[in-house]
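On a predicted model such as this, the values are computed, not experimentally measured, just so you know. Just the heavy atoms: all of them, side chains too, but no hydrogens, waters or symmetry mates, feed the values below.
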Amino acid sequence: MSSKNAKNVSINDHKLHDLSEWLLKQITKTKYDFCCWKQHELHPKIANNSAIDWIFVVDALNFSFWSENTRYSVTFNGHTYTGYWSLCAAINRAAKNGIPITDPSFYAHLKPDQLEHIFKGENGVHIPLSDQRLQVLHEIGRVLLQFKTATFKH
């Protein structure tokens, strides 16, 4: 879907270009790189296949953490996080509890109650747009599993 079709969201192409230029300068100056990124306690520390799987799932689900009345938050390892960080915390909490949330074989068939359990927020607040997130997980899981099957057939 193109942003041109969006009803409630628009992208300022000029500002996007400015951001891209700024990011390029920061990376060129080495003010931001993978070492910097992985310093946050919730990000993967080792660049391996597990980190790629984690980043893929987090990036696919990194949208809309706002709700009408309450703020979605997740506590993990004694810290409470909101926004993007609440997503990272929920993914890490699931992995720590033995839930294979970054495995496409798991999330391609995830049930709504499993999703609610994985992304349970503080004070009974559910992650916003859980139906859409479940749909995203099903779709990306299905595509990855199809790709994996097609790759191994050759």
Side-chain angles (χ1 to χ4, degrees), residues 1-11 13 16 19-20 23 27 32-154:
M1 172 184 259
S2 168
S3 64
K4 294 173 188 169
N5 298 328
K7 295 176 184 170
N8 299 313
V9 175
S10 64
I11 296 176
D13 290 329
L16 184 61
L19 175 63
S20 300
L23 283 172
I27 291 169
Y32 190 84
D33 60 13
F34 183 68
C35 290
C36 177
W37 181 86
K38 70 182 181 179
Q39 287 177 357
H40 193 281
E41 61 192 23
L42 293 177
H43 283 159
K45 305 298 177 238
I46 301 170
N48 58 17
N49 287 339
S50 294
I52 292 169
D53 292 340
W54 186 94
I55 292 167
F56 185 73
V57 169
V58 168
D59 283 355
L61 299 178
N62 185 12
F63 60 89
S64 188
F65 300 100
W66 303 283
S67 59
E68 294 289 325
N69 303 319
T70 54
R71 193 166 199 182
Y72 174 70
S73 62
V74 172
T75 298
F76 177 68
N77 286 345
H79 296 95
T80 301
Y81 301 94
T82 59
Y84 164 79
W85 299 115
S86 63
L87 172 66
C88 296
I91 297 289
N92 290 346
R93 180 180 63 193
K96 184 178 181 178
N97 290 326
I99 299 170
I101 186 59
T102 61
D103 180 350
S105 297
F106 175 76
Y107 59 75
H109 307 288
L110 193 65
K111 305 279 187 265
D113 62 323
Q114 292 173 302
L115 182 109
E116 290 298 325
H117 173 72
I118 291 166
F119 294 102
K120 181 181 178 189
E122 301 306 309
N123 301 321
V125 176
H126 299 287
I127 191 166
L129 301 174
S130 59
D131 292 341
Q132 290 81 356
R133 285 185 164 81
L134 185 62
Q135 184 179 357
V136 166
L137 287 170
H138 287 165
E139 184 174 344
I140 66 173
R142 186 184 75 249
V143 169
L144 288 175
L145 292 175
Q146 287 172 350
F147 178 77
K148 183 178 177 182
T149 302
T151 301
F152 289 122
K153 283 185 179 179
H154 292 102

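- What you find for Leu42 and Lys45 is that their closest heavy atoms are N-NZ, 4.3 Å.
- For the residue pair Thr80 and Thr75, a side-chain donor N or O sits within less than 3.5 Å of a side-chain acceptor on the partner.
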Could you walk me through whether His79 and Trp85 pass the side-chain contact (heavy atoms from CB on, under 4.5 Å) test, one step at a time? CA-CA 10 Å; His79 296 95; Trp85 299 115; over 6 Å; no

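- Annotation for Phe76 and Lys96: closest pair CE1-CD, 3.8 Å, computed over non-hydrogen atoms.
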Exercise. Would Leu110 and Ile118 count as a side-chain contact (heavy atoms from CB on, under 4.5 Å) if you check the C-alpha gap in whole Å, the side-chain angles of each, and the deciding distance to 0.1 Å?
Worked result: CA-CA 10 Å; Leu110 193 65; Ile118 291 166; 4.0 Å; yes

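- Figure legend: Arg133 and Tyr107 shown without cation-pi pairing, the cationic atom not lying both under 6.0 angstrom from the six-membered ring centre and within 45 degrees of its axis.
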Problem set entry | Worked check of side-chain contact (heavy atoms from CB on, under 4.5 Å) between Leu87 and Val58 | CA-CA 7 Å; Leu87 172 66; Val58 168; 3.9 Å; yes

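- In this structure, the separation between CG on Asn62 and CD1 on Ile55 is 12.0 Å, given to the nearest 0.5 Å.
- Atom NE2 of His138 has more than 12 heavy atoms from other residues, nucleotides or ligands within 6.0 Å.
- The CD atom of Glu139 lies 10.5 Å from the CG atom of Leu144; values are rounded to the nearest 0.5 Å.
- Leu137 CG to Ile101 CD1: the interatomic distance, rounded to the nearest 0.5 Å, is 5.5 Å.
- A pairwise comparison of heavy atoms in Gly121 and Tyr72 identifies CA-CE1, 3.7 Å as the closest pair.
- By the neighbour-count criterion of 12 heavy atoms within 6.0 Å, atom CG of Asn97 is densely surrounded, having more than that number from other residues, nucleotides or ligands.
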* With side-chain contact (heavy atoms from CB on, under 4.5 Å) as the test, would you mind laying out the steps for Ser86 and Phe65 before giving the verdict? => CA-CA 9 Å; Ser86 63; Phe65 300 100; 4.1 Å; yes

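- Using a 4.5 Å heavy-atom cutoff, the side chains of Pro112 and Leu134 are in contact.
- The number of heavy-atom neighbours closer than 6.0 Å to CZ of Arg93, taken from other residues, nucleotides and ligands shown, is above 12.
- Note that CH2 of Trp54 is 8.0 Å distant from CG of Asp59, once rounded to the nearest 0.5 Å.
- Of all the heavy atoms in Ser64 and Pro128, the pair that sits closest is O-CB, 3.7 Å.
- What you find for Asp103 and Ser105 is that their closest heavy atoms are OD1-N, 2.9 Å.
- Note: Glu122 CD to Thr82 OG1 = 11.5 Å, rounded to the nearest 0.5 Å.
- Of the inter-residue distances, the one linking Ile99 atom CD1 with Ile91 atom CD1 reads 10.0 Å to the nearest 0.5 angstrom.
- In this structure a side-chain-to-backbone donor-acceptor pair under 3.5 Å is missing from Asn123 to Val125.
- Under a cut-off of 6.0 angstrom, the local environment of CD in Gln135 is sparse, with at most 12 non-hydrogen atoms contributed by other residues, nucleotides or ligands.
- In plain terms, the two heavy atoms of Val74 and Ala89 that are nearest each other are CG1-CB, 3.8 Å.
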